[in-house]
Amino acid sequence: MAKVFVYGTLRQGMYNYAIYLKDQATYCGHGYIKGSLMTIIGKIYPAYLCEGQDMIFGEVYDVDDQTLAHLDELESYFGEDCQNNEYNKIYMDILDNDGKVKDQAYVYEFNMDNPMNVNLLGKDILEHDYVQYMQKKKLNSQNLFDDEDMFY
């Protein structure tokens, strides 16, 4: 068994949660990691970078070896120090609301040593919470005046 911290599309309510974690993992609670959370140009999932001091919100899960291998595939993690990784898998401290270490888990960090990734970073996700960011984005994209009859 291994612990994994997820901060993007693997979180509850997001599209990869049902596929990879819902019936294959045990939820251990939420927590934070320090770093930066950013959009990726042309993608609907985020990039986490260790650089930065933002408290990034996420969830911790216990997973078996098979589930961890499936997560490695999803994150295009081919092995330690592989330049072709889209994400590197690192072991790091998970923090509580007060910034104190409460656990340790694997985290997938966007691989800036991969030349394909370098120009893909978008904007900072100011919410430091990808689910909250996506909910706001969805809410903001809905036009409140879709009914043409409202325009006289």
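Remember, predicted model here, so these are calculated numbers, not experimental data.
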*asked:* Y20 vs V63, test: side chain to side chain contact (heavy atoms under 4.5 Å, CB included). Steps then yes/no.
replied: CA-CA 10 Å; Y20 292 92; V63 298; over 6 Å; no
Between [X] and [Y], a side-chain donor and acceptor under 3.5 Å:
X    : Y   : result
Y87  : D72 : no
T9   : N16 : yes
Q12  : Y61 : yes
N114 : Q83 : no

Within-4.5 Å side-chain heavy-atom neighbours: [X] and [Y]:
X    : Y    : value
L37  : Y133 : no
K3   : F5   : no
M55  : K34  : yes
I44  : Y15  : yes
D64  : Q24  : no
V4   : T67  : no
L121 : F110 : yes
V131 : F57  : no

Report the distance from atom [atom1] of [X] to atom [atom2] of [Y], rounding to the nearest 0.5 Å.
X    : Y    : atom1 : atom2 : value
L10  : L74  : CG    : CG    : 5.5 Å
D54  : E127 : CG    : CD    : 11.0 Å
E75  : Y45  : CD    : OH    : 8.5 Å
D103 : M92  : CG    : CE    : 12.5 Å
D129 : Q135 : CG    : CD    : 8.0 Å
I33  : L95  : CD1   : CG    : 8.5 Å

ILVMFWY cluster, [X] and [Y] together (side-chain gap under 4.5 Å):
X    : Y    : result
Y48  : V101 : no
L120 : M116 : no
Y130 : I19  : yes

Can you see which heavy atom on [X] is nearest to which on [Y], and at what distance?
X    : Y   : value
I125 : P46 : CD1-CB, 4.1 Å
I56  : S36 : CD1-C, 4.1 Å
G79  : N85 : O-ND2, 2.8 Å

Polar side-chain atom of [X] near backbone of [Y] as donor-acceptor pair, under 3.5 Å:
X    : Y    : result
K102 : Y32  : no
D98  : K100 : no
H70  : L68  : no
E109 : I90  : no

*Check whether more than 12 heavy atoms from other residues, nucleotides or ligands sit under 6.0 Å from atom CG of D65, and answer yes or no.*
no
_I need the single residue from N88, N84, N117 that forms a side chain to side chain donor-acceptor pair (under 3.5 Å) with N111. Which is it?_
N88
*Linking Ile, Leu, Val, Met, Phe, Trp and Tyr by side-chain heavy atoms under 4.5 Å, what else ends up with F78?*
none
